[in-house]
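Note that these values count all heavy atoms, side chains included, but never hydrogens, waters or copies made by symmetry.
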Number of protein chains: 2
Amino acid sequence: MRRSMRKQETPDLGILASRTLFRVQKELFTRLAEEGHPRLRPRHGAVLAYLDEEGSRATDLAAQSGQHKQVIGTLVDELVELGYVERQPDPADRRAKLIVPTRKGLDQMAKADAIMAAIEAAHAHAVGEEAYAEFKRVFALVARRPSAEAQ
Amino acid sequence: MRRSMRKQETPDLGILASRTLFRVQKELFTRLAEEGHPRLRPRHGAVLAYLDEEGSRATDLAAQSGQHKQVIGTLVDELVELGYVERQPDPADRRAKLIVPTRKGLDQMAKADAIMAAIEAAHAHAVGEEAYAEFKRVFALVARRPSAEAQ
DNA sequence: AGTGATGGTCAAGATTAGTGACCAATTGGA
DNA sequence: TCCAATTGGTCACTAATCTTGACCATCACT
């Protein structure tokens, strides 16, 4: 049997992860566009996905999303331009600035969370609620586990 | 509780997929570099991951990897340059060219498959063989499922 | 022969990623 | 109080990556 066929039938973890990621991204942003947020690109998710309602620091967003600070900086520039967030001084540290969602940003965050929940609910319905819950449990472990080299 | 904390503790499918993808990629290419393939970038995976020992057409690689033909073309250029593949005329269709792995390419393919297997074996060992097998089974369904909108 | 579809490349653009240097404010000691 | 090391953030630049449209040769089918 051909290698390409084997990979189709029993894809490895990397292939499954990349297929899932791109599919989820595509669906999420398609739906967001339909629901009044057409200018957002998947890239902006690095900020919006981890943003707190009360505001977050750029450094924290960088750490959580795994992006460089620079990237966060330019994304925030764009999101400010699009009206999703504002930069405010951080009262706790005068070096820092808080990235705070506007009303539009809060709307996006709520909708994005709802869409993701709907996507997952559809998967759960298709494969079975219990099976999906167990899948998520193990996935969380796998995603968190340090690289295999560390063992 | 803060949204960013919730996302940390119960990440959604997209976050899990992206963490897993980047971690796996990083480990795979780090190890490949150690094992004699230092010039390869994750990008090249779109070709090498799906390449058949007998050779594959660019169009097939594009379809399987989800990349545009263009991208495959430039990747193949680079892989030819690096000595991993050759372009050969396809005896079955004079328009087409077969992308055929060289000896070096075959070595890379074998090592990459072995490394991926080792990464997965480590995960399976950590979470339990049965649990991991079930995880993979459900993951394959989720990754294959058409977007939730289709239901 | 003639038409539409397919395999592949060329060219140009927009988007995204990664670097090093830099400044201002904070922290923790001497 | 003052200094050095650290941290939060931006600027400027380069490389890598993705996306599109146009184009030619060949094929499949009439």
Side-chain angles (χ1 to χ4, degrees), chain A residues 4 18-19 21-23 25-26 29-30 33 38-52 55-82 85-100, chain B residues 4 18-19 21-23 25-26 29-30 33 38-52 55-82 85-100:
Chain A
S4 59
S18 79
R19 278 216 240 286
L21 175 59
F22 295 127
R23 194 161 282 185
Q25 265 189 355
K26 187 176 171 190
F29 284 88
T30 300
R39 309 274 311 271
L40 292 174
R41 286 174 287 106
R43 202 81 214 303
H44 296 127
V47 169
L48 292 169
Y50 300 99
L51 195 60
D52 281 321
S56 305
R57 289 192 188 171
T59 302
D60 293 336
L61 296 174
Q64 288 174 293
S65 66
Q67 303 285 319
H68 292 199
K69 311 192 277 186
Q70 276 82 343
V71 177
I72 300 297
T74 56
L75 289 175
V76 169
D77 287 343
E78 292 180 22
L79 289 171
V80 168
E81 183 68 24
L82 293 171
V85 302
E86 293 172 353
R87 275 188 244 250
Q88 294 178 5
D90 184 340
D93 186 336
R94 266 187 299 159
R95 288 171 303 180
K97 291 169 192 164
L98 281 181
I99 317 298
V100 183
Chain B
S4 60
S18 80
R19 285 218 184 109
L21 175 59
F22 294 127
R23 195 161 280 186
Q25 267 189 355
K26 186 174 172 193
F29 285 86
T30 300
R39 307 274 313 269
L40 293 174
R41 286 174 288 107
R43 196 88 213 301
H44 297 127
V47 168
L48 292 170
Y50 299 98
L51 195 58
D52 281 321
S56 306
R57 288 192 189 173
T59 302
D60 293 335
L61 295 175
Q64 289 174 292
S65 66
Q67 302 284 319
H68 292 202
K69 317 191 270 185
Q70 282 308 6
V71 176
I72 300 298
T74 55
L75 289 175
V76 169
D77 288 343
E78 292 180 21
L79 288 172
V80 168
E81 183 68 24
L82 293 172
V85 302
E86 292 172 353
R87 274 188 245 249
Q88 293 179 6
D90 184 340
D93 186 336
R94 266 187 298 157
R95 288 172 301 180
K97 290 169 192 164
L98 281 181
I99 318 299
V100 183

What integer distance in Å separates B:Gln88:CD from C:dG7:C1'?
17 Å

Are the side chains of B:Leu40 and B:Leu48 in touch, meaning some heavy atoms are under 4.5 Å apart?
yes

Rounded distance in Å - CG (A:Asp90) to C1' (C:dA24)
14 Å

Close residues, residues 61-74 of chain A, relative to DNA chain D [heavy-atom separation under 4.0 Å]
A:Lys69, A:Gln70

Rounded to the Å, how far apart are A:Asp77 CG and D:dA12 P?
12 Å

Ignoring backbone atoms, establish whether A:Arg94 has a side-chain N or O less than 4.0 Å from OP1 or OP2 of C:dT26.
yes

B:Arg43/B:Glu78 ion pair, N-O < 4.0 Å
no

Looking only at D:dT26, C:dG8, D:dG8, the nucleotide nearest the B:Asp93 side chain is D:dT26

Closest to the A:Arg87 side chain: D:dG9, C:dA25, D:dT10?
D:dT10

Could one point to a donor on the side chain of B:Arg95 or the base of C:dT6 with an acceptor on the other under 3.5 Å away?
yes

Restricting to side chain to side chain donor-acceptor pair (under 3.5 Å), what partner residues turn up for B:Ser65, sequence neighbours left out?
none

To the nearest angstrom, how far is B:Arg57 atom CZ from D:dA25 atom C1'?
14 Å

Euclidean distance, atom CZ of residue B:Phe22 to atom C1' of C:dG18 [Å, nearest integer]:
14 Å

Would you mind reporting whether B:Val80 and B:Glu86 have side-chain heavy atoms less than 4.5 Å apart?
no

Selection from D:dA16, D:dT7, C:dG8 that lies nearest to any side-chain heavy atom of B:Thr59
C:dG8

If a pair satisfies salt bridge (Lys or Arg N to Asp or Glu O under 4.0 Å) and one of its residues is in residues 57-70 of chain B, list it, with sequence neighbours excluded.
B:Arg57-B:Asp90

Rounded to whole Å, please give me the gap between CG in A:Leu40 and P in C:dT15.
14 Å

Flag the pair B:Val47 / B:Gln67 as yes when at least one side-chain heavy-atom distance between them is below 4.5 Å, and no otherwise.
no

Can you check the B:Arg43 CZ to C:dG18 C1' distance for me, whole Å?
16 Å

Side-chain touch B:Leu82/B:His44, heavy atoms, less than 4.5 angstrom:
yes

How long is the line joining NZ of A:Lys26 and P of D:dT19, in whole Å?
10 Å

